[in-house]
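Some notes on the structure that comes next.
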Amino acid sequence: MSGPQCCANPPTLNPNSGAGHVEKLGGLNTYVTGSPDSKLAVLLISDIHGYEAPNLRKLADKVAAAGFYVAVPDFFHGDPYVADGGKPLQEWIKDHGVDKGFEEAKPVIQALKSKGITAIGAAGFCWGAKVIVQLAKREFIQAAVLLHPSFVTVDDIKGVEVPLSILGAEIDRLSPPALVKEFEEALNAKSEVDSFVKIFPKVAHGWTVRYNVEDESAVKAAEEAHRNLLEWFAKYVK
C-alpha cells in the first residue's frame, strides 16, 4: 500500500514558510491563509510529510489568492513522517491512521462553518486523499480533489457524493494508471456525481507538492495540477 514512492523527494519542513499563520482550528494546529471574511473555504490535507512542507503552503497561498480561506491542519500532531532516523513507515502509518484523520477532520469542518463559511472544497495528497474520499459526502463538503492518492479503493470512490476530481501520475505504484482508470469507470457509472479524471504523463507519485523548485519541467507539471484543482473549486465551491 505504501512504499518508497511515498517517501521520495521529502520536503525540508519549515514552520515559518508561507504567507499565512498557524492557529488552532477544530482542536488542531492549522496553517491558515486567505481572507477570514471569505464565505468559501478550501481544506488541504497533506501527505505523510505534514503541514509544514513549503510547497504545500505555497499552494495554499495560491488557492487563497483565488478568493478562498484556506486551512491546512496538522493531522500528525507535530509528528510527520521523517525518513532518516524516524520510525519505519509502516509503524508510523499505524500510529497515524487515515480513519483517525477522518474523525479529526470533522471538528475542523465544523470550525470553518462556525466562522460563517458556507461552502467548502477539500483536496488531499497521498495519505490525505484517503481522508478526503471519506469526507466526500454532502454533509461535510461541496467538492473534492484527490492528488496522487494512497490507500483509496474503488469502493471508496463508489461512496462519493460530491463532485470529485482525481489527478493521477503515470509513474505511481500507489495508484497506478490502471487503478485510476477503475476509479474513472466507477465515477462514470454515477451520473449524479460530476467528475474529472486526469493522468499526468511522465510524472511520479507526489509530483504536485514534492517537486524540485529548480526543475522547470517538474514545476510546470505541478502548476498544471494546481490549475486543475483551482478550476474545480471555482466551479463547485460557491
Side-chain angles (χ1 to χ4, degrees), residues 1-13 28 31 42-60 63 70-77 79-83 86-102 104-105 121-136 144-154 156-157 160 164-180 182-183 197-200 203-212 218 221-226 228-229 232:
M1 273 298 208
S2 53
Q5 279 195 323
C6 253
C7 318
N9 309 319
T12 301
L13 301 181
L28 297 180
Y31 175 77
V42 168
L43 173 67
L44 298 182
I45 303 189
S46 75
D47 61 16
I48 60 176
H49 299 289
Y51 84 134
E52 291 180 353
N55 283 354
L56 179 62
R57 289 191 175 186
K58 199 191 291 183
L59 174 57
V63 176
V70 185
V72 191
D74 177 15
F75 286 99
F76 308 139
H77 302 273
D79 181 35
Y81 176 71
V82 180
K87 285 180 188 166
L89 181 61
Q90 295 304 338
E91 201 179 308
W92 183 91
I93 285 191
K94 269 194 206 117
D95 293 341
H96 300 85
V98 285
D99 292 342
K100 184 168 174 261
F102 171 54
E104 290 187 337
F125 307 81
C126 185
W127 182 95
K130 179 70 170 186
V131 179
I132 296 292
V133 85
Q134 292 173 278
L135 285 174
V145 181
L146 309 183
L147 303 99
H148 37 88
S150 295
F151 314 119
V152 174
T153 66
V154 172
D156 288 330
I157 300 295
V160 165
L164 176 67
S165 169
I166 302 175
L167 306 179
E170 182 184 8
I171 308 151
D172 194 334
R173 288 193 294 278
L174 295 137
S175 287
L179 179 60
V180 174
E182 285 183 51
F183 294 163
V197 178
K198 179 170 171 178
I199 293 167
F200 285 67
V203 297
H205 181 85
W207 94 96
T208 65
V209 282
R210 297 211 297 272
Y211 56 90
N212 175 355
E223 287 179 344
E224 186 182 337
H226 301 163
N228 291 158
L229 175 150
W232 196 250

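Heavy-atom basis, side chains included; hydrogens, waters and symmetry copies ignored. Since this is a predicted model, take the numbers as computed values, not measurements.
- Within the 4.5 Å cutoff, no side-chain heavy atoms of Leu167 are placed close to those of Thr208.
- When side chains are defined from C-beta on, Ile48 counts as touching Leu89, because their heavy atoms get closer than 4.5 Å.
- The side-chain heavy atoms of Lys130 and Asp99, taken from C-beta on, include no pair separated by under 4.5 Å.
- Residue Ile199 comes nearest to Ala169 through the heavy atom pair CG2-C, 3.9 Å, listed as atom of the first residue, atom of the second, then distance.
- The shortest side-chain heavy-atom distance between Cys126 and His205 falls under the 4.5 Å cut-off.
- You'll find the side chain of Val145 stays beyond 4.5 Å of the side chain of Asn228, heavy atoms only.
- Under the salt bridge (charged side-chain N to carboxylate O under 4.0 Å, His left out) criterion, Asp172 pairs with no residue, sequence neighbours left out.
- Put simply, the side chain of Ser150 never gets that close to the backbone of Leu174: no donor and acceptor are under 3.5 Å apart.
- Across Asp74 and Leu28, no two heavy atoms sit closer than the pair O-CD2, 3.9 Å.
- The shortest side-chain heavy-atom distance between Ile166 and Val152 does not fall under the 4.5 Å cut-off.
- With values rounded to the nearest 0.5 angstrom, Ile45 atom CD1 is found 10.5 Å from Leu56 atom CG.
- Note that CG of Leu44 and CZ of Phe125 are 5.0 Å apart. Values are rounded to the nearest 0.5 Å.
- The main-chain N or O of Ala83 is never found under 3.5 Å from a side-chain atom of Trp92 such that the two would form a donor-acceptor pair.
- Residues Val98 and Val131 are in side-chain contact: their nearest non-hydrogen atoms beyond the backbone lie under 4.5 Å apart.
- Using a 4.5 Å heavy-atom threshold, the side chains of Pro10 and Val82 count as separate.
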Hey, mind stepping through Val154 and Phe183 against side chain to side chain contact (heavy atoms under 4.5 Å, CB included) and telling me if it holds? CA-CA 6 Å; Val154 172; Phe183 294 163; 4.1 Å; yes

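- Of the residues listed (Phe200, Trp207, Trp127), the one engaging His148 in a ring-ring contact (aromatic ring centres under 6.0 Å, His included) is Trp207, and it is the only one.
- For Asn212, there are no side chain to side chain donor-acceptor pair (under 3.5 Å) partners, not counting sequence neighbours.
- Residues Tyr211 and Ala222 share a closest heavy-atom pair of CD2-CB, 3.4 Å.
- At least one donor-acceptor pair under 3.5 Å links the side chain of Arg57 to the backbone N or O of Tyr51.
- Taken to the nearest 0.5 Å, the OH atom of Tyr81 stands 11.5 Å off from the NZ atom of Lys87.
- Rounding to the nearest 0.5 angstrom, the gap separating the CH2 atom in Trp232 from the CG atom in Leu164 is 7.5 Å.
- What you find for Ser175 and Pro149 is that their closest heavy atoms are OG-O, 2.6 Å.
- The two residues Phe151 and Ile93 have their closest heavy-atom pair at CZ-CD1, 3.6 Å.
- Between Leu59 and His226, the shortest heavy-atom distance links the atoms CD1-CG, 3.5 Å.
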